[in-house]
2 protein chains.
Amino acid sequence: MPRTRGRAPAGGRADALSREVVVGAAVELLDEHGERGLTFRLLAERLSTGPGALYWHVANKDELVALAADHVLGHALAEVPPPTDDAVAGLRTLAVTVFDALDRHAWAASRVTAPATLANALRLFDRIGSLVARTGLPAERHFEVSTAISYYITGVSAQIIAPGLTVSPATSREDFLARTADRWEALDPADYPFLTRTTANLRDHDDRDQFTTGLDLLLTGLNATTEPGRPA
Amino acid sequence: MPRTRGRAPAGGRADALSREVVVGAAVELLDEHGERGLTFRLLAERLSTGPGALYWHVANKDELVALAADHVLGHALAEVPPPTDDAVAGLRTLAVTVFDALDRHAWAASRVTAPATLANALRLFDRIGSLVARTGLPAERHFEVSTAISYYITGVSAQIIAPGLTVSPATSREDFLARTADRWEALDPADYPFLTRTTANLRDHDDRDQFTTGLDLLLTGLNATTEPGRPA
DNA sequence: ACCTGAACACCGTTCAAGT
DNA sequence: ACCTGAACACCGTTCAAGT
């Protein structure tokens, strides 16, 4: 749990630290160096303080990164265009907007978790649920379908954006895919009949299309289940 | 890249180390203590050697954990029942079998990546692709649909099984969900209309059902797209 | 209430030396 | 070719002391 944070510090420094300031600086560092490159010493230096000071505002590194990811998610949600009449279309835009935001902050993708606990993850799930509720689906299915969509957004985004969560921000996605395609090409077609046939697709596929392909499959499935009900 | 590993060591110890032995021991430690609990010192002790020895067999900790995860995936694939005539049903069984295997090794879930590079991940993707090819879907869509299913399996499994990838193996899934449900209950219904309505569902939902709900949505979507084509 | 910075208890990884 | 184990260069985190 967070420590209490008051107003302007009584006897402290002018540019007072706060949880927001710490998290904001962490986002910058995370963008620059990835999760492993974020260090309490480095962050402290950036904020002209000692490492110990940061622990007054966040419990530990896990919490710090989680808060930073939730911060990114917050920006994403703020960008989501207002919903129209078509609830399914609304779900699609919501999902894609979140994907795009995470794509700009690869480290965050694997940190937005799906049984939501932080403020913006909660908001995301609530928005999904509200849209699902307007879909015509019977009420007893609202929860499971919302969860499925929510899992899809966070889980698949993470897979696409930060596969293995280990690749340093140095290696570009293109390099990674190109190297993988090379490896596929070298395989024996007898063992991997499908793989060896589709190498070309891997080389020039688009990440974002990949995300929407599965999403549309899911939403089509949803429509197919809803059909007999009312429209909006 | 792996170092060469020969036969029985020329002048070495009787219980020779090998990449397989190292990875096998790593899987055990990972099951016991999670990724953070796996240490080169601890692993070396387990194998009665020094930490340096391990670096002859694996490049670093990332590779070690990746290989361990691929090992788990290999066991999963060996358990998959032989495919029947129904390709879509085959995809479903494959997905669920992998989910179940990962569920028994939570640390592995986030390490099985979806543009496949390691042996068993390659096999998984090839199996998915071969099943998709038998689905009646036009050939130009095989790759994107296979990728979508593959992303769903690995991504959503990781979200469900190891949310936040941070929770220590100590905290049980039930505790985590219960605590999250408590938090949801405390929220203001004005801000979170959907969330506050569905707390009960979170408390007693089943992870596996959750996985299959989304999967079935996806496969239904697939069927809907395939319908006009030939059946098997 | 909040900040400072030294110190603790670890890590992953390297490498000269052995067999 | 493979193993040994000490040493290096870090980490996250704590905490007594300050303001």
Side-chain angles (χ1 to χ4, degrees), chain A residues 1-23 25-26 29-30 33-68 107 111 164-168, chain B residues 1-23 25-26 29-30 33-68 107 111 164-168:
Chain A
M1 278 290 97
R3 272 79 163 177
T4 23
R5 287 146 289 138
R7 306 281 81 225
R13 14 187 299 171
D15 54 335
L17 245 37
S18 69
R19 183 186 267 235
E20 291 71 41
V21 170
V22 171
V23 170
L29 250 22
L30 254 356
H33 307 113
E35 183 162 337
R36 274 175 197 183
L38 172 67
T39 280
F40 274 78
R41 277 164 243 261
L42 187 61
L43 182 55
E45 197 186 348
R46 217 21 107 91
L47 295 167
S48 323
T49 182
L54 306 173
Y55 284 87
W56 183 263
H57 302 280
V58 297
N60 51 44
K61 186 170 177 180
D62 281 330
E63 185 181 271
L64 177 59
V65 178
L67 289 170
W107 55 270
R111 290 296 189 157
L165 27 89
T166 286
V167 223
S168 73
Chain B
M1 278 290 95
R3 272 79 163 178
T4 23
R5 287 145 288 138
R7 307 281 80 225
R13 14 188 299 171
D15 54 334
L17 243 38
S18 70
R19 184 186 266 235
E20 291 71 40
V21 170
V22 170
V23 170
L29 286 178
L30 254 357
H33 307 111
E35 184 163 336
R36 277 177 195 179
L38 173 67
T39 279
F40 275 78
R41 277 163 242 260
L42 186 61
L43 181 55
E45 196 186 349
R46 221 12 112 91
L47 295 167
S48 323
T49 183
L54 306 173
Y55 283 88
W56 183 264
H57 301 280
V58 296
N60 51 44
K61 186 171 176 180
D62 280 330
E63 185 181 271
L64 177 59
V65 178
L67 289 169
W107 53 271
R111 289 295 188 159
L165 29 89
T166 285
V167 223
S168 73

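Residue numbers start from 1 in every chain, and the chains themselves are labelled A, B, ... in the order their sequence lines are given, proteins ahead of strands.
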In which stems does DNA chain C show up, taking only runs of three or more Watson-Crick or G-U wobble pairs whose two distances fall under 3.5 Å? C:4-8 with D:12-16, C:12-16 with D:4-8
Kindly write out the residues that satisfy side-chain contact (heavy atoms from CB on, under 4.5 Å) with A:A66, not counting sequence neighbours, or none if the list is empty. A:L118
Give a yes or no answer on whether the side chain of B:S18 reaches the backbone of B:V21 with a donor-acceptor pair at less than 3.5 Å. yes
Indicate the atoms forming the closest heavy-atom contact of B:P51 with B:A44, along with that distance. N-CB, 3.6 Å
Would A:R111 and A:D62 count as a side-chain contact (heavy atoms from CB on, under 4.5 Å) if you check the C-alpha gap in whole Å, the side-chain angles of each, and the deciding distance to 0.1 Å? CA-CA 9 Å; A:R111 290 296 189 157; A:D62 281 330; 3.8 Å; yes
Side-chain (A:K61) to main-chain (A:E35) donor-acceptor, under 3.5 angstrom: yes
Base, backbone or nothing for each nucleotide of nucleotides 7-18 of chain D, written B, S, -, heavy atoms under 4.0 angstrom, 5' to 3'? B---BBBBB---
Within the pair A:W56 and C:dC3, is there a side-chain N or O less than 4.0 Å away from OP1 or OP2? no
Which residues pass the side-chain hydrogen bond (donor to acceptor under 3.5 Å, both in side chains) test with B:R46, not counting sequence neighbours? B:E32
Please list all pairs meeting salt bridge (Lys or Arg N to Asp or Glu O under 4.0 Å) that have one or both residues in residues 47-59 of chain A, counting only residues at least two apart or in different chains. none
Are B:L54 and B:L64 side-chain neighbours, meaning at least one heavy-atom pair lies under 4.5 Å? no
